[in-house]
Amino acid sequence: MAQKPSIPKGTRDFNSETVAKRNYIFDTIKSQFQVYGFQPIETPSFENSETLMGKYGDEGDRLIFKILNSGDYLSKVDNRFYLDKDSNKLTPHISEKALRYDLTVPFARYVVQHQNEIEFPFKRYQIQPVWRADRPQKGRFREFYQCDADVIGSTSLFQEVEFIQLYDAVFSALNLKGTTIKINNRKILSGIAEVIGAQDKLIDFTVALDKLDKIGEEKVKEEMFGKGISQEGIDKLQPLFTLSGDFGSQIESLKSILSISEVGIKGIEELEFINKAISSLELKTAKLQLDVTLARGLNYYTGAIFEVSAPEGVNIGSIGGGGRYDDLTGIFGLKNMSGVGISFGLDRIYLVLEELNLFPESVKENTKVLFINFGEEEAMSSLKAVTALRNEGIKAELYPDWITSGKQMKKQMNYANKREIPFVVLVGEEELKSNSFTLKNMASGEQEAVSLNELISKLK
RNA sequence: GUGGUUGUAGCUCAGUUGGUUAGAGCGCUGGUUUGUGGUACCAGAUGUCGUGGGUUCGAGUCCCAUCUUCCACCCCA
């Protein structure tokens, strides 16, 4: 009995047009990565569980796909774990491998493992799929690609500056104008938490603050209060909610709010440096915006935090993110390695380009000319011409089956039409005699008799 | 993981308080046209109503489970 075929939730098949469009985005990102001096690496699709587990918080652990051990794995499990029926405790005993959840942690592992072969600062890019056991939504899948570029081994703020330029370069190359690169600094968030006396609740505080544009000021305050932040502290946040103006004036306001916080002041200085550099270098199509509510969930960020939003009017959320992490490799035993990196969300960029109709016509790498097959002798002659065209790099093909009746001609023309092949060549009895080719333009319907050389020059 | 939503022809969707043989548009196949596709006209075929149970004389329609889709949380690209 034939079963209805299907693919797992949150995964997708891609048809050739979609692949072409995705490759266009990949190629654009990749070429900019290379222009900026990044080198490609690849890591396995699955890692040892202990490499991944515990690196993304409890929520992250839940979203990691675990791979069941091979063999009779259950019989080896101690009854203590088995009879408890506690999945979290049992999992490590039946699964010691897991699918890659992001590219940053495997990168950190790579750096530590290969530290003696690497020249620091190490600039790498990586474009590979990652997997999350999340519940899918629009623009969110269980299998998707990340496109990451990171530098490790330098604390220079010029790296942050270059990453902002890189974002701008990629989105400009994709002709996606009007993106906003939002920037914040974890040190500023720490400073604010310090000022309001909530250093110990930094994560709760930032998670709540991050929701400001989504749920509004009052709800944010409620959530903070609910998490145990004092009313007095929340009152001190008031200037933050009314923060406005350009980059410079926001900085000035922050200076007065954070004047008593050493770490806060440090964060402000970093932002000022970056903003000054970017102002002087100028961006092509993106704009840089300070957003003190930008938090991002990952707890390993320590300095700058980036997030890119699509142009106004496209409701898709962020299309990229990143930041600086001072001690990413520390968890694998390599201390004092500061890194900073950014990521591009391919699937979301795809949706945005689709919505704004920004894919160039040329992404469809279609066959340029189809030769109609009239019979064995004609086909042989056609195939010689097809070979000559292919040698010139022209995408050409011969319809494989012969004409056996007039209907077949229609079928072959129809095939060319459906595949949007722009030219058709007819080589029948007449053309064989006169040693010529009838070239037909499918869009205009015009046709003419040409020689092989003319055919090549017209299709080139 | 929580709450909701969706599934009928290849595609987009109708389908009444449960009632005979489940419809439309587009697409598809054939013909008008045996060396000419895309336009026009004519004809034709669409299907285990997501899957599995249940209620009923009778289920596309009601109930339960499950899968899938999309959405809001959570989190995130």
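Residue numbers start from 1 in every chain, and the chains themselves are labelled A, B, ... in the order their sequence lines are given, proteins ahead of strands. For clarity, every value in this text was computed on a predicted model and none was experimentally measured.
More than 12 non-hydrogen atoms from other residues, nucleotides or ligands lie less than 6.0 angstrom from NZ of A/Lys97. Within a 6.0 Å radius of CZ in A/Phe46, other residues, nucleotides and ligands contribute 12 heavy atoms or fewer.
Atom CZ of A/Arg100 is separated from atom P of B/A77 by 15 Å (rounded to the nearest Å). The distance between atom CZ of A/Arg348 and atom P of B/A77, rounded to the nearest whole Å, is 8 Å. With rounding to whole Å, A/Met409 atom CE is found 9 Å from B/G37 atom C1'. Atom CD1 in A/Ile25 sits about 18 Å away from atom P in B/A77, given to the nearest Å. In this entry the distance linking CG of A/Asp134 with C1' of B/C70 reads 14 Å, nearest Å. When rounded to the nearest whole Å, the span between CG of A/Asp210 and C1' of B/C74 equals 13 Å. Whole-Å rounding puts the A/Lys418 NZ to B/G38 C1' distance at 9 Å. Taking atom NZ of residue A/Lys182 and atom C1' of nucleotide B/C76, one finds them 14 Å apart after rounding to whole Å.
Atom name P, nucleotides B/C75 and B/G15: the rounded distance is 40 Å, in whole Å. Going from the C1' atom of B/U51 to that of B/G38 covers 41 Å, rounded to whole Å. Here the separation of B/C67 from B/C76, taken at their C1' atoms, is 25 Å to the nearest Å. Distance check on atom C1': B/G25 versus B/U36 gives 29 Å, rounded to whole Å. Using atom P as the reference point in both B/G23 and B/G31, the two lie 28 Å apart (nearest Å). Annotation: B/G30 and B/G18 have their P atoms spaced 44 Å apart (nearest Å). Using P as the reference atom, B/C49 and B/G7 are 15 Å apart when rounded to the nearest Å. Nucleotides B/U5 and B/G10 are separated by 28 Å at their P atoms, to the nearest Å.
On a pure distance criterion of 3.5 Å, no polar donor-acceptor pair joins the side chain of A/Gln408 and the base of B/U34. At a cut-off of 3.5 angstrom, counting only N and O atoms as typed in the model, there is no donor on one side facing an acceptor on the other between the side-chain of A/Asn417 and the base of B/G38. Side-chain N/O atoms of A/Arg135 and base N/O atoms of B/G3 include a donor-acceptor pair closer than 3.5 Å. A/Glu420 contributes no side-chain N or O that forms a donor-acceptor pair with the base of B/G37 under 3.5 Å.
Contact annotation for A/Ile319: backbone-only contact, meaning every heavy-atom pair under 4.0 Å involves sugar-phosphate atoms and none involves a base. Residue contacts for A/Ser318: at a heavy-atom cut-off of 4.0 Å it reaches the sugar-phosphate backbone alone, with no base atom in range. The residue A/Glu429 sits close to a base: some heavy atom pair falls under 4.0 Å. Here A/Gly322 lies out of heavy-atom contact (under 4.0 Å) with every strand. At the heavy-atom level, A/Lys411 lies nowhere under 4.0 Å from the strands shown. Residue A/Gly445 is in base contact, counting any heavy-atom pair closer than 4.0 Å across all strands shown. Counting any heavy atom pair closer than 4.0 Å across all strands shown, A/Glu143 reaches no nucleic acid atom. Residue A/Phe344 is out of contact with every strand shown, counting any heavy-atom pair closer than 4.0 Å. Contacts of A/Gln447 with the nucleic acid, taken as non-hydrogen atoms under 4.0 Å apart, include base atoms.
When both distances must be under 3.5 Å, the Watson-Crick or G-U wobble mate of B/A24 is B/U12. For B/G60, there is no paired base (Watson-Crick or G-U wobble, both distances below 3.5 Å). Both distances falling under 3.5 Å, in either a Watson-Crick or a G-U wobble arrangement, place B/C73 opposite B/G1. Pair assignment for B/A65 gives B/U51, based on Watson-Crick or G-U wobble hydrogen-bonding distances that are each under 3.5 Å. Pair assignment for B/A45 gives none, since no Watson-Crick or G-U wobble pairing has each distance under 3.5 Å.
Minimum atom distance to the side chain of A/Asn414 is reached by B/G37, of the listed B/G37, B/C74, B/G35. Nearest nucleotide to the side chain of A/Arg140, out of B/C75, B/A77, B/C28: B/C75. Which of B/U36, B/A77, B/G1 sits closest to the side chain of A/Arg62 comes down to B/G1. Comparing atom distances between the A/Gln137 side chain and each of B/U36, B/A72, B/C76 picks out B/A72 as nearest. The side chain of A/Lys410 sits closest to B/G37 out of B/G37, B/A77, B/G35.
Among the candidates A/Phe38, A/Phe344, A/Phe33, the single residue satisfying the ring pair (Phe, Tyr, Trp, His ring centres under 6.0 Å) test with A/Tyr125 is A/Phe33.
Residue ring and base: A/Tyr415 does not count as stacked with B/G37 (centre distance below 5.5 Å and interplanar angle below 30° not both satisfied).
A/Phe65 and A/Tyr101 have their aromatic ring centers separated by at least 6.0 angstrom.
Between A/Thr11 and A/Phe141, the residue whose closest nucleotide on RNA chain B is further toward the 5' end is A/Thr11. Summary of the strand contacts: A/Glu223 and A/Gly345 both lie near RNA chain B, and taking for each the nucleotide with the nearest heavy atom, the more 5' one is attributed to A/Glu223.
Taking only side-chain nitrogens and oxygens, A/Lys211 comes nearer than 4.0 Å to OP1 or OP2 of B/C74.
Of the charged side-chain nitrogens involved, at least one lies within less than 4.0 Å of a carboxylate oxygen, so that A/Asp347 and A/Arg22 count as a salt-bridged pair. A salt bridge is absent between A/Lys219 and A/Glu223; no separation between the charged side-chain nitrogens and carboxylate oxygens falls under 4.0 Å.
Ring geometry for A/Tyr110 versus A/Phe122: interplanar angle under 30°, hence parallel rather than tilted (30 to 60°).
The heavy-atom pair separating A/Leu189 from A/Leu294 by the smallest distance is CD1-O, 3.8 Å. In terms of heavy-atom proximity, A/Ala379 sits nearest to A/Asn373 at CB-OD1, 3.6 Å.
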